[in-house]
Student: 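Below is one structure. I have some questions about it.
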Amino acid sequence: MCGICGELNFNDSLPDLESIRRMLDRLRRRGPDHEGSYSDGPLAMGHRRLSILDLSDRANQPMLDPELGLAVVFNGTIYNFRELRRELEDRYRFFSSGDTEVILKAYHAWGEDCVKRFHGMFAFAVWDLRRRRLFMARDRMGIKPLYYSHTDRRLRFASNIQALLAAGEVDTDIDPVALHHHFTLHAVVPAPRTLFKGVRKLQPGHTLTVEQDGRTRLQRYWQLEATRPGKEQTPEAWTEAVHDALRRSVKRRLEISDVPVGVLLSGGLDSSLLVALLAESGATGLKTFTVGFEDQPEEKGSEFEFSDPVAERYATDHHRFHVPNDQVLARLPEAVDQMAEPMVGQDAVAFYLLSEQVSRHVKVVQSGQGADEVFAGYFWYPRMAAETEGTLVERFRRHYFDRDQPEFARMVNPALVGEDHTARLIEAALNEPGADTFLDAVLRLDVTTLVVDDPVKRVDNMTMAWGLEARVPFLDHELVELAARMPPALKLAQGGKGVLKQVARGLLPDAVIDRPKGYFPLPALKYVRGEFLDFMRDILDSRVCRERGLYQRDYVETLLKAPEQHLTRIQGSKLWHLALLEFWLQRQGIHAG
């Protein structure tokens, strides 16, 4: 787990090594254990390392294999690297014991198809010294980020946008299409776009090959099928298959590490089930971590009453952290600084503060992100499934879009208003072949696109801000493929995640299994009042915001007058959406042109 960056200049011009140094500086928190750089003619690469596998200097990066004429920078973990290494040892000599070198040998052996053999989370770039070619890849589920800026002169890439901004020469004009996605899909901007015209991100399940003259080739190596081929299985058979796949997934993410692995235990079904499955797999002395906040009149700020019994049942080394409300708002700017892209999920700061504490105990944790998308845990899925009127995108929009086109047109600068870009994007995704039913198409969209740029990105950014690797067993691609073939009714059963609840019976207390769906409790930021409201008002009334002119003032004033009356379809604060984006732009030093 690390931060990577690089620069390839076209037509043999030499790279700007100072830009690599600046990028590495912005990636420092992702990899506190080692910094390295490498250059070869028009190419320079940099790496910040968090040592998880092969803790020796032999595994430092950038890693060069002079015999093969290859160099690599890599962020992530290849969980099947030992099996691949055994397959490659007849042909190659290895000088390290981790997964990075396996990528080099695999690329030499199998070329660009090597990614099809990798089981894990990864973003990497391989430089071919002889062919003068750069090959970049991102894992199937988009767990690891990879941003890039491509101009006529060069291509730069990095693990976050901040590193690219630090390198300079980035077009930071707002992309109107991305802005529409951002304000329609709860701050999700699907790859390859970002909010900046000059920054793109590699799509999950894709590779990008860049020649020395600037030509590029984008290839998709994986796609998810949500169909039911073959003989129909019983619910019991599906439950057993999911149980087995989950057990393999958590065990794989426990064993592939040369340092201890903990669990972020929220008190909900998903993270509690991870603890139970790890215990089932023979794990002992497991460290678990829970964070709680101060209560509000409407809501409790912690879930200790649910996490404590799970920790007690499995005799984990349990750590509880309590964060006062005054710390939440005071440290919000820190969390925003660590967002590679603006994220309106208010639990980002919770993950940030929790990760700070956890990183003092372990370097690796398992987390429950992805379970709701893979196994239909959110309240809007049954509502969508019940819809029968209208097109697929209309049935989706009624329960998901934050704003419809007329409201978007009233909200942002008229120069940034165009077509209903998001409806077009979602319509195309829902109508792609390979999904048997409407809900199959919805869950496929969520798992392959929306989850990537909301909970998954949030967890990666906030944990890596403290040099902490988060592993997400529910997004194991084999488990995801299995779940996608499952009849939606089994996922919707028992109020959502029915098959997971069946797996959990007997492993967890019924109170944890049958409790209403919970969200990371953060009352201080959920209720738009008091200091939090003052904070947002100051941002939106600031001179920088007014000069930027991103929002129409009438719309802003309407929200400020009654902020808790203006919520999205999934109960998000519309005022917070506006304030967070403006605050993020200000923290990145992006001002009006």
Student: With sequence neighbours excluded, give me every salt bridge (charged side-chain N to carboxylate O under 4.0 Å, His left out) pair touching residues 259-282.
Tutor: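 Qualifying pairs: Arg247-Glu280, Asp270-Lys497.
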
Student: What pairs with Thr463 under side-chain hydrogen bond (donor to acceptor under 3.5 Å, both in side chains), at least two apart in sequence or on another chain?
Tutor: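 side-chain hydrogen bond (donor to acceptor under 3.5 Å, both in side chains) check on Thr463 returns nothing, list empty.
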
Student: Could you pull out all residues at least two apart from Gln494 that satisfy side-chain hydrogen bond (donor to acceptor under 3.5 Å, both in side chains)?
Tutor: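 Listed in chain order: Gln502, Arg505.
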
Student: Regarding Arg569 and the six-membered ring of Trp380, is the cationic atom NZ or CZ under 6.0 Å from the ring centre and inside 45° of its axis?
Tutor: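 Not flagged: Arg569 not positioned over aromatic ring of Trp380.
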
Student: Sequence neighbours left out, what pairs pass ring-ring contact (aromatic ring centres under 6.0 Å, His included) with at least one residue falling in residues 244-281?
Tutor: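 Qualifying pairs, neighbours excluded: none.
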
Student: For residues 423-434, tabulate all N or O donor-acceptor pairs below 3.5 Å that involve a side-chain atom, not counting sequence neighbours.
Tutor:
residue : atom : partner : partner atom : Å
Arg424  : NH2  : Glu419  : OE1          : 2.2
Asn431  : ND2  : Glu427  : O            : 2.8

Student: With ring-ring contact (aromatic ring centres under 6.0 Å, His included) as the rule and sequence neighbours excluded, what pairs involving residues 255-289 come up?
Tutor: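 Non-adjacent pairs meeting ring-ring contact (aromatic ring centres under 6.0 Å, His included): Phe289-His319, Phe289-His361.
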
Student: Could you work out, with ring pair (Phe, Tyr, Trp, His ring centres under 6.0 Å) as the rule, every residue matching Trp238, not counting sequence neighbours?
Tutor: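 Once residues adjacent in sequence are excluded, Trp238 has no partner under the ring pair (Phe, Tyr, Trp, His ring centres under 6.0 Å) criterion.
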
Student: Could you check whether the rings of Trp466 and Tyr352 sit parallel, tilted or perpendicular, using 30° and 60° as the cut-offs?
Tutor: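 Aromatic pair Trp466/Tyr352 classed tilted.
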
Student: For residues 373-392, which residue pairs qualify under salt bridge (charged side-chain N to carboxylate O under 4.0 Å, His left out), counting only residues two or more places apart or in two chains?
Tutor: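 Listed once each, the pairs are Glu387-Arg398.
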
Student: Asn160: what forms a side-chain hydrogen bond (donor to acceptor under 3.5 Å, both in side chains) with it, not counting sequence neighbours?
Tutor: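 Here no residue qualifies.
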
Student: Could I get the full list of side-chain contact (heavy atoms from CB on, under 4.5 Å) partners for Ser271, not counting sequence neighbours?
Tutor: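 Here the qualifying residues are Leu265, Ser266.
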
Student: Got a sec, which residues hit salt bridge (Lys or Arg N to Asp or Glu O under 4.0 Å) with Glu211, two or more places apart in sequence or on another chain?
Tutor: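 Salt bridge (Lys or Arg N to Asp or Glu O under 4.0 Å) list for Glu211, sorted by chain: Arg133.
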
Student: Who passes side-chain hydrogen bond (donor to acceptor under 3.5 Å, both in side chains) against Arg458, sequence neighbours left out?
Tutor: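 Listed in chain order: Asp347, Asp454.
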
